[in-house]
**Q** 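Just dropping this structure here.
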Amino acid sequence: DDGGTSPVAAEQSIRFGFSSEPPPMSTTGGTASTVSYQLYGLVHRGVMMYGPDGDVIPALAESVQEVDPVTYEIALRPDLTFQDGTPITADNVQTALLHYADPANSARSYAGMQYVESVDSDGDRLATVHLSSPNSSFLEYLADPSAFIAPAEAYQADAEATIGAGPFQLESWDEGVGLTLTKYDGYDDAAAVDLDQVDVTFYPDATARVNALLSGDLDFIDYVPWESYEQISSTEGYQLDGAVGVFQSVLFNVQDGPFSDPLLRQAVAYAVNRDNSVEAGFFGHGEPLYGVPGTGRAGENLWSDDPDRARELLAEAGYDEGELTVHLLSNSTYVFLQDLGLSVQSDLEAVGFNVEFTSPDWATFTEEAVAGNYDLIVQGNIGNVQDPAAWLPVLVQPPPAANTSFGYQNDELDQALADALAATSAEEKDDALARAYAIIADDVPFASLNQRMQSYALSENVQGFTVMPGFAQPYSVNNFVDVTMATE
Amino acid sequence: MRSEPLLRIDGLSVDFDGPPGRVQVTHDVDLHVGEAEVVAVVGESGSGKSVTAMSVLDLLPGNARRTGSIVFDGEDLLAAPPGRLRAIRGGSIGMIFQEPMTALNPVHSVGAALTEAILAHSTLTRTEVDARAVELLGLVHLPDPERMLARYPHQLSGGQRQRVMIAMAIAAEPRLLIADEPTTALDVTVQAGILDLLLELRDRLGMAVVLITHDMGVVADVADQVVVMQHGRVVESQPVHRLFESPGQEYTRELLAAVPGRTDHDGVPSPDEETELEPEAVGAQGAPHGPVLALSGARVEFRQGWRRPPVVAVGDVDLRVEHGEIVGLVGESGSGKSTLGRVALGLQRVRSGTVDVMGTDLATASRAELREVRRTTSMVFQDPGSSLNPRIPIGWSVTDPLRWSGIERRRSVLRERAAELLERVRLPGSWTDRYPHQLSGGQRQRVGIARAIATSPRFMVADEPTSALDVSVQASVLELLLEIQASMGFSCLFISHDLAVVEQIADRVVVLHQGQIVEQGATNEVLRAPSAAYTRRLVDAVPVPDPQRQRARRAERLLLARG
Amino acid sequence: MALVFVVLTVIFLAIHAVPGDPAYQLAGGDTGTTTEGIERIRRELGLDRPLHVQYGDYLAGFLQGDLGTSFVNGQPVLGSILQRLPATLELIGWGGLLSVGIGLPLGALAARRRGVDVLMSLGTSLALAVPVYVLGALLVLVFAVTLRVLPAGGFAEWSQPARHLQSLLLPVLTLSAAFGAIVARMTRASVAETLDRDWVRTAVALGVAPRTVFRRHVLRNSLMPVITVVGLEVGTFLGSSVIIERVFNYPGLSSLLVDGVTSRDYPVVQGVVIVVSVLFVLINMLVEICYGLLDPRVRLS
Amino acid sequence: MTTTTQRKAARIDPLGLAATVVVLLLVIAAVLAPWIAPYDPLSQDIPNRLQPLGADGHLLGTDEFGRDTLSRILHGARAELLVAVGATAIAMTGGVLVGLCGGYLGRWAEALTMRGTEVVLAFPPVVLALLFVTIHGASSWTLVVIMGILFAPAFARLSYGQTLSVRSAEYVEAARTFCAPTPVILLRVILPNISGPILAQFPVTLANAILLESGLSYLGLGIPAPQPSWGSMVAAGQRFMQSDPWLLIVSSAAVVVTVLCFGLMGAALRDLLDPRRRHR
Ligand SMILES: Nc1ncnc2c1ncn2[C@@H]1O[C@H](COP(=O)(O)OP(=O)(O)OP(=O)(O)O)[C@@H](O)[C@H]1O
Ligand SMILES: Nc1ncnc2c1ncn2[C@@H]1O[C@H](COP(=O)(O)OP(=O)(O)OP(=O)(O)O)[C@@H](O)[C@H]1O
Ligand SMILES: [Mg+2]
Ligand SMILES: [Mg+2]
């Protein structure tokens, strides 16, 4: 015969350089950095997930039915099992969602889950979720990689969540060095997964990470530093794959100090040179941003680079040139933020502010920022869902955080956003959002600077990987289910 | 009649490249040494003896330049390749350096140093080397050689170090030994033993010796040929008998005349040549009464690691130095003289007993009290080289005591004083800018003396202050001391192995033997009619500066020793 | 050991005085963090108690050999430290050996040869002034990225000896550049001083071979300051090879320490500092023993 | 004694002399920086960032914000001289004094100095610096103080060890015999004789100080950000090492030259202090 036995497929394994060591997987606690998302995306699954193009698609769920705006019926796929072999039931969903919805657990997905009022389970495959108020983004929240479903033990105090329902299971974790994931054969879609193994190594230093990739020690890295883009794209056999998502903006201390005056905030929004900021922070790898990102024409053109206007506004606010000294608090841990800060400082000084610049380390910075010990800060932000009506409130409402303007509160804006979220028609929603954008343009809760390119770099042996667009970019590693390693 | 000499130095000049430019220190020196011949080199301190000796093996510092010719056994040493020179060094030609204190590596034990010397030119086994080391130490009359092997240089007395140095130099039984003042730190009995050893080696191996010394007694004892140097030149070169009988040069005559106690009878000078000054009379000049130094039951022990018993360097000694008195302290090398001297100035703690200096007990004195005492005391250290700060010019060294004790602080005055002090010890007053390493051994020693007298102390410990001085300079230094004594009534503990010097300067003599006082009394009495056996041996061993008589005595002594 | 207590107390107080709330860091420090959540974390970490209670607790634990558990990953601190210690010790051990192996002869030679001296001055200035992250990056660029003969970083276990040595090569080289320069300079200075001592002349006069003279009489007498400096630097490197560890992704103690500081992981910082200080004390004892071995005057005084 | 200085000058090593001249020039440049620097060291020109040497009007190119590198080097010299050289000098003075006392006085002084330095040394320097700066805030003066504290123990240890082997030397004993007050013994008698290794440590420490400043600047704990300092310039330059190496090269060169010159100066000084070496 023709030797009908096909050759045993070579072990498919990928070597992945993480930009830092993720904290232990857990259902509690909020630290969900990119690396955590990556790890969760590989090991865990939630009810929903972000699919290859960044759309929300069912994951553990076979289908989700919106019974009414505050009631969702989740039907799980048949015969699901966790990586320890135990079956997944609607009880698991109930435990998980209620846990995430409890503020005391300070879960990362709390922002969306807080709307969950109760969950009913039929003990088998059907879970019914009742929301406290309508939320058009609820399904997106369910897709947040940190809103995964884990065995009940993982929801006890101090427990780790090492057992998941995702395509890869944790084999070993060598603290400070790396971890190994192997394919979970009980995964619902296991047949479609080509990779047998994911070898993760932690490479906190960006240059070291790039070098490890280019020297052949790694196949895939995340968080490519902007200064290395050219080097990688000009090296044969390697490529960059990225998306513009995270946006940077100038935030204000709205409660005390000069920037309680919206005129001055506007002055800043016009004073900054956004093209320069893209250069200074990201070597040109990003886009200037003149408004609210991801909102198209409606919200993206709220301000412009107009130093003269800024000068006028400064004068209008009652300050002569050089009369007003403000404190720009930056941090030194993230160099690009510091660089943006310096660029902003220079722009502000050009229109007549005096800017005092400090940049302590990250931990100090966050503490100072939360306490409002600044006039200005520059911070990066990303919406955790696509819908501006859902993610914008987080940025313009208390509680105080290190990435929101200190003390900012605008009831009109809040109302407009709430209206948008609760809107039942697209028109109604657009109207409400337009109102919100107009308020933002005048009141300037943040002065946007730019959106940065965030890229992975991979060797050409890695095939089938795609980056998700926009705010879904950090979840791109979900796509490892489609990756195949080319064998020479 | 004589064949080609073993070592032939012709027209050797040495100059140093110093800050003032090149300075020539020896001029056309000729020196011939035949096989099995002992050539003594005598001369003024600073006349170039050591420089000449060191040029043979190219041991001068890098800024020295030699011109002329040095031929050893038919081989031109100036042109010898490095490998060849290395074989000759220590192998064919042994060298004993003038200052044994600094010549030994402080971090190597005696055993290690000897082993290195032995192995440099032989391939013995470990045990053979050890045996040889012990044998060598025995040859140079070091007591208890096995224990000595484990000691480090800083645990040895001056004379002991010198003997280690000698042992190293003869380890390879060289054909020529250049010995630069090899017995300066040795008492006469040990000195006699060392000289015997050298002669024995000469007889047994045909070893030739270049012996640099200022002791005319030693010259008379062992030399065949004598070379006299002055101002960097050889002024006279004669067989020993001829030289002593009819010195051809004015300088040589002066040299011989200055020898203390060159008399017709024996080693100890006769009373008529004694000092003309009456110390007692001076001492009575209304100065405070009571002893300047009073040791009672002073005991010094040195720890020797954890297990071995301590060395008792000084055992329960009682000693007094009265006001205005010069007390000579003599004794065998290693008997504890230097230690006692250091005790007297509070540099060495006593294990028990009291040390009373001008009314202060140093054993219990506070820092301030100690300083107060030290304002009026001073010391000449046994080793002139290491007691001078190598980093400062000698002009500062001699006047620093004046500043430190607050007597004088003005720079201009100090500068004048420096020159003055140097001149008093017969050094050029213009040398204040020189550094210690630019001086000869005797010159350094004189700097030490100048420093010691700078503050016009009331009490001084002088540890072998004239050991490196030629007789003429020595005479003037002694005179200087007596003069100071006369004018200021100072007291001195004068440590020396040179009985003639002690005789000349001391009012009273204390004889130390193995850390104990075996005899003390007025100088005349002790040295003329010694009661202790050790003192008698000491007195008998003094070489007389007369070749004929000294040789007769030597023959007699050796006969006695053998028979 | 009293030293360890002083160190423990100082680091305890200092780290608690540094701004930056660990609970806040753990909670993520940005939107979505609730006050309740932070309070809960603080309670769980025991940070809500008065400082002296925390200190007493820590001390009690320390006396029983317990360095606490990490805020960040909940692992016992001692375990994490012990896991990383071998890599650090190996890096420093090899680095120290290589530095002394290169620095000592180089410095010794420079003390005698004017030409070498000038070159050494230049070379060591370069080695000292070029930061390790530049040198390390250059080495990686050449040997790993361009030539691909060595790994760009990481640490292979001893179970793979070839890979293990390969992974050590570049970090050790980088570490040795600066360290070796320091040794070379110190050796040069010290040897120059010893060269014209009288006892060297004595050895020469004995016909001892120049190399032996140098080794036994010059080098040995010059070693004291060199050993001092080596001891100091090894101590310093124990806790501060962080940049090397970063550049070569080398899992050592320093990165643990710096990460601990960055995330305000108090137990980790305290633990590492204490362990480093214990090691330092040990090194110091070694150095002092060396003093005694080298110089009998020190030993017997 | 009058001619001593002239003679010394005549025999000084030409390299040492050259190095001294460079250091002097550096000092002058630092002092005159505001007048001789061609540009304001803080004025940005982002479109013209990372220019190579000589690019229109920028002799040494520009940095990542388009600031003139030459001007920043000149202004940075001020920070460096103040912080690095200042801290090193403080560390040396303090450390040597402590070490001398500990080594010479023995007993309690020894215990105090050695245990004291141990406490400082037992802390990893980066952590100590980090903690200190985070608590006190970053400024040049904080840096001077912390680096002074950090580097002093090395000098203390070094001079302690050296003092131990010198203190029993006979010339020290002689000084004591001749009533020299303890400070004089320490400073005039012992110090010159142990100066070699100490002077060798100076440039090493200086380099360390600049690098630490660089590291701290990088962590944002150094000389506050827009102010130029060589350390932060090196740190910044490293990021663009491959694409635009000039910033790194220029700033590193400034550090290298400074370290080299201080090293050569130290060597010359050491030879000056050692008459034996001077006389050859
Ligand atoms: N630090 C020390 N440790 C051990 N033993 C020592 C130490 N110093 C001296 N000694 C021993 O003490 C004894 C007395 O030494 P000291 O220097 O006083 O002798 P000395 O009479 O001056 O001899 P010399 O005439 O040879 O100088 C010697 O045997 C010597 O070996
Ligand atoms: N390194 C040097 N540099 C300059 N001059 C020197 C140097 N060494 C010795 N001299 C000078 O050379 C001359 C001869 O010195 P040398 O040591 O040979 O005298 P010496 O005859 O051995 O005297 P002493 O009997 O005092 O030992 C002295 O005047 C001395 O000052
Ligand atoms: Mg001489
Ligand atoms: Mg003695």
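Chain A is the first sequence line, chain B the second, and so forth, proteins listed ahead of strands; every chain is numbered from 1.
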**Q** So which atom in D:Cys179 and which in B:Arg371 form the shortest heavy-atom distance, rounded to 0.1 Å?
**A**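 Reported closest heavy-atom pair: O-NH2, 3.2 Å.
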**Q** Please find the pair of heavy atoms, one from B:Asn389 and one from D:Tyr171, that lie closest to each other, and give the distance.
**A**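 For B:Asn389 versus D:Tyr171, the nearest heavy atoms are N-CB, 3.6 Å.
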**Q** With a 4.5 angstrom heavy-atom cut-off, is it the side chain or the backbone of B:Leu345 that approaches chain D, or both, or neither?
**A**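 Answer is side chain: those atoms of B:Leu345 sit under 4.5 Å from chain D.
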**Q** Compare all side-chain heavy atoms of B:Arg342 with those of D:Glu173 and state whether any distance is below 4.5 angstrom.
**A**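 Yes - at least one pair of side-chain heavy atoms lies under 4.5 Å apart.
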**Q** What residues of residues 181-191 of chain D make heavy-atom contacts with chain B at a cutoff under 4.5 angstrom?
**A**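 Expected list: D:Pro181, D:Thr182, D:Val184, D:Arg188, D:Val189.
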**Q** For residues 141-158 of chain D, give me every residue with a non-hydrogen atom less than 4.5 Å from any non-hydrogen atom of chain B.
**A**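 Checking residues 141-158 of chain D against chain B gives no residue, so none.
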**Q** By a 4.5 Å heavy-atom criterion (distance strictly below it), what part of B:Arg451 contacts chain D: side chain, backbone, both, or neither?
**A**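 Contact with chain D: backbone and side chain both.
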**Q** I'd like to verify something: which residue of B:Ser378, B:Pro390, B:Gly385, B:Ala452 has the highest number of heavy-atom pairs under 4.5 Å with chain D?
**A**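 Most pairs with chain D among the choices: B:Pro390.
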**Q** How close do B:Arg374 and D:Thr177 get, heavy atom to heavy atom, and via which atoms?
**A**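 Taking every non-hydrogen atom into account, CB-O, 3.7 Å.
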**Q** So, for B:Trp404 and D:Ala175, which heavy atoms are closest and what is the spacing to 0.1 Å?
**A**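 Nearest heavy atoms, B:Trp404 then D:Ala175: CZ3-CA, 3.6 Å.
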**Q** Is B:Pro457 close to chain D through its backbone or its side chain, or both, or neither, when contacts mean heavy atoms under 4.5 Å?
**A**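 Interface part for B:Pro457: neither.
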**Q** Is the number of heavy atoms from other residues, nucleotides or ligands under 6.0 Å of D:Arg115 CZ greater than 12?
**A**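 Yes, CZ of D:Arg115 has more than 12 neighbouring heavy atoms, counting only those of other groups under 6.0 Å.
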**Q** Pick whichever of B:Thr377, B:Asp383, B:Leu402 has the most heavy-atom pairs under 4.5 Å with chain D.
**A**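 Winner by heavy-atom pair count: B:Asp383.
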**Q** Can you tell me how far the CZ atom of D:Phe178 sits from the OG1 atom of B:Thr455, to the nearest 0.5 Å?
**A**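 Spacing of CZ (D:Phe178) from OG1 (B:Thr455) equals 7.0 Å.
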**Q** Roughly how far, to the nearest 0.5 Å, is the NE2 atom of B:His154 from the CD atom of D:Glu170?
**A**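 That separation rounds to 12.5 Å.
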